[in-house]
Amino acid sequence: MAGGGIGQVGGGQLNGVAPVGVQQAPQNGNVQQAQGWSLSSAFNRLLENVIGGTVHQLSNVVRGIDLYVQSEAQAQGAPAPDLAEISRFTVLGSLPNAPGFQNATNDNGARSQLLTNALNNPQATPQETAVMNRLNGVALNNLTRGGQALQMNQQQFHAALMCGGHFVVNDGGALANQLQQDGGGQMQARGSSHYKGSPHQQYGMDLPGVGHLLIGRTNTGDSFFQLESHGVGNPQQGWGEWAQEFGGHMLSWGMHIGSSSSYVQIGPHGAIEGSEKDNNHVVIN
């Protein structure tokens, strides 16, 4: 999936419009793979490198054409190209919002209010409330993203979380263990494409009004968590529910891999450039 991002043809610019970004081709599925040549890992590589690469390249071509057309129109007196709108496009559909990290986290508190409403939901189970309160209490005083210091208030943290941002906590797995205990029997063992080299079981839990929470431990044993629009891997799902969730999950994955400058996380309430696959996730120290 090497190639130009928005506005790039062979690495150049179109009519002086700077490219929005370049997403590097996934290598070895761009996920941490366990050792061995299992059928599962081979299938994952096929999905990511072949199907994902095709989706990404097609999306880049259409974005480039769109930018070129809008740039030509600008030369004739039309408004400047709408880069935020162009950045939302993938061949599988438009992202729900312009996915830039700052754009997604500065939403005037809209997503934070959704989480607050869920925390105050009297119909939530004690386990669901405990898990949400645990997430809500994560310390935000020492954060990094892409190796750079990051300042986030709680409202911005809520927004990034609800958009599906990926968070890693340097804690030796303490938060993941606490969340698993908080969730009790509602926290179900599941799998994911994240940290295939980790020997630790991952877990998922539906949080009403919030989304599906995925938790686990990285290859180095630290905690990670993220919200997803569709959870998969729950052994208690019936076939119909599984098919619906799997279809939604795969569509989100296709939009994730087809995005432009970064791997865009597709969460239950938006999209954000916040994936560990290209080091755009948030690290909590």
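Numbering of residues begins at 1 and proceeds along the displayed sequence. The figures that follow rest on heavy atoms only: side chains count, while hydrogens, waters and symmetry mates do not.
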**Contact check, side chains of L143 and F167, non-hydrogen atoms, under 4.5 Å** = no
Please list, one pair per line, the donor and acceptor atoms closer than 3.5 Å that link side chains of residues 135-142 to other protein atoms, with sequence neighbours excluded.
unit_1: N136; atom_1: OD1; unit_2: Q154; atom_2: NE2; d: 3.3
unit_1: N136; atom_1: OD1; unit_2: H158; atom_2: NE2; d: 2.6

**Asked** Can you say whether the rings of H281 and H166 are parallel (under 30°), tilted (30 to 60°) or perpendicular (over 60°)?
**Response** perpendicular
**Request:** Test F101 against L150 for side chain to side chain contact (heavy atoms under 4.5 Å, CB included), laying out the working first.
**Result:** CA-CA 11 Å; F101 191 86; L150 175 68; 4.1 Å; yes
**Message:** Please list all pairs meeting salt bridge (Lys or Arg N to Asp or Glu O under 4.0 Å) that have one or both residues in residues 112-137, counting only residues at least two apart or in different chains.
**Reply:** R134-D182
Taking side-chain hydrogen bond (donor to acceptor under 3.5 Å, both in side chains) as the definition, give me every residue that meets it alongside [X], ordered by chain and number, with sequence neighbours left out.
X    : value
N170 : N285
Q178 : none
S198 : none

**Item:** Under 3.5 Å: donor-acceptor pair, side chain of Q156, backbone of N153
**Value:** yes
**Prompt:** Is N103 reaching over with its side chain to a backbone N or O of P99, donor-acceptor style, under 3.5 angstrom?
**Reply:** no
Under 4.5 Å between side-chain heavy atoms, counting indirect links through other Ile/Leu/Val/Met/Phe/Trp/Tyr residues: same cluster for [X] and [Y] or not?
X    : Y    : value
L213 : V282 : yes
I284 : L115 : yes
L179 : F224 : no

Quick check for you: to the nearest 0.5 Å, what is the distance between [X] atom [atom1] and [Y] atom [atom2]?
X    : Y    : atom1 : atom2 : result
I215 : Q226 : CD1   : CD    : 12.0 Å
L175 : R217 : CG    : CZ    : 11.0 Å
R111 : Q155 : CZ    : CD    : 11.0 Å
M152 : F157 : CE    : CZ    : 7.5 Å
S275 : H194 : OG    : NE2   : 7.0 Å
H212 : S229 : NE2   : OG    : 10.5 Å

**Item:** Evaluation steps, side chain to side chain contact (heavy atoms under 4.5 Å, CB included), between Q113 and N117
**Value:** CA-CA 6 Å; Q113 186 61 54; N117 293 343; 2.9 Å; yes
[X] versus [Y], closest heavy-atom pair with distance:
X    : Y    : value
M205 : G183 : SD-CA, 3.9 Å
D107 : A104 : CB-O, 4.2 Å
G164 : I272 : C-CG2, 4.2 Å
G216 : A176 : O-CB, 3.5 Å

**Complete:** For D222, the salt bridge (charged side-chain N to carboxylate O under 4.0 Å, His left out) test, sequence neighbours excluded, returns none
**Message:** Under the side-chain contact (heavy atoms from CB on, under 4.5 Å) test against L161, which residue among L227, T105, V210 passes?
**Reply:** L227
